[in-house]
Amino acid sequence: MANTQRDAWGAAMDSVRWTFQPAGHLDESGTIWDEFNDRTLRLPLLSAAFVRTGLLHFGNGSEQLAIASDDQGIAAACVVAMHGATAISTFQPSQFPVGPWLQRPDLAVADLAGSLIQDLPGTIVLASLTQLDPLLIPRPADGPLLGTLPFISTGTIALPATLDEYIAGRSENLRANLRRRQRKIEREHGPVSLQVISRAEDVAAGIDRYSDLESAGWKARLGTALARGNVQWRFYMEAMQTFCRIGQGRIYVLRFGDSVAAASLVVVARETVYLLKTTHNEGLRSVAPGMILRQHLIASLYADESGVRRVEIYGSVNEAQRPWLTGTREMYHANFYRGPVLAALHTLSRRIMRPFRGVGLG
């Protein structure tokens, strides 16, 4: 069976071997993880500290840290969670914009996932890699042993050399809306101001302002809001404090007069800004606080974050965001199977049942 499986996935996986240990060992292996991330995806939202924080607040203790090696060194690293006795997926709380999967660019994700299935203890028949970004890991072609699923369309903003150049590239309709709403806000609420929180010791106040907005909105009615003291509040508090300590965290708080209108949790690394989470005051919806926050946040990047050339939304694109974007791409899940019969049956079951895009296992 082992030789048949390795033949099915191709000779490229023959030299790759995986080791497994409880994900809590990421505390000791964090330096190795971060060095590999820096050599490959270079994504701060997959830093060891961020993944550890997610495991602390959303894990159940059964997750595994898996590291693959070949004759060139580390080939891939991931955190996986079991689903029953025969299926695994990357550990994927909803607070992670991207699934915790790192790999060298010279290796195919399909070969690595195939070797992962083979090397895991027991008989694993399905490995699901969730929320992959094609900008970092190109989407593989579907085949007898793998199938991909669309996740969300996410947006990016490529920033030109100057703010004037960026604004000039937006539609006249957007520019006119900004001018009109700015005048209305100043007339009815007072001056517009943007506070940028970047010190770890100030994060608590910033998270509280954010949670006060979100816990008063529609997410509170669904029970998914970040609210003072809940598990999301604790996760984002710790994550943003960690990012701020190394100079990468920002909390943007927008005010109309004395009222907090909108807020955004942001990570800045190298030439890229990642929008981790954004909320707004629903009582001010008529003056589009989200739109005004985007305007002032981008202006602040030009003023305060020299060298930033790209903004990644890492959330599902909505119509209000599209006028600001310079590009979109579709993130995806990928399912890798031990054999073609299971792959065919799983594909058929997804066609019969209502599609579920929350995780790749659906």
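All residue numbers in this chain count up from 1 along the given sequence.
In terms of modelled atom types and a separation under 3.5 Å, the side chain of His296 and the main chain of Leu194 share no donor-acceptor contact. No donor-acceptor distance shorter than 3.5 angstrom exists from the side chain of Tyr337 to the backbone of Pro144, with no hydrogens or angles considered. Between the Glu35 side chain and the Ile32 main chain, no donor and acceptor come within less than 3.5 Å of each other. Listed for the Asp34 side chain is no donor-acceptor partner under 3.5 Å among the backbone atoms of Ser47. Asn281 places a side-chain N or O within 3.5 Å of a backbone atom of Val260 that can act as its donor or acceptor partner. No donor-acceptor pair under 3.5 Å is formed between the side chain of Asp133 and the backbone N or O of Val98.
Looking at Ser62 and Asn60, their side chains do bring a donor and an acceptor atom within 3.5 Å of each other. Judged purely by distance below 3.5 Å, without hydrogens or angles, the side chains of Thr130 and Thr90 pair a donor atom with an acceptor atom. For the 3.5 Å distance criterion, the side chains of Asn335 and Ser128 qualify, holding a donor opposite an acceptor.
Outside the 6.0 Å centre-distance limit, the rings of Tyr210 and Tyr236 are not counted as a close aromatic pair. Residues Phe50 and Phe235 bring their aromatic ring centres within 6.0 Å.
Of the options Leu226, Val203, Thr242, a side-chain contact (heavy atoms from CB on, under 4.5 Å) to Met237 is made by Val203 and by none of the others.
Relative to the ring axis of Tyr166, Arg170 places its NZ or CZ within 45° and under 6.0 Å from the centre.
Between Phe96 and Phe91, the ring planes are perpendicular. Angles over 60° get that label, and only those under 30° would be called parallel.
Taking Thr328 as the reference, Ser153, Val317, Arg322, Leu325 meet the side-chain contact (heavy atoms from CB on, under 4.5 Å) condition, with sequence neighbours excluded.
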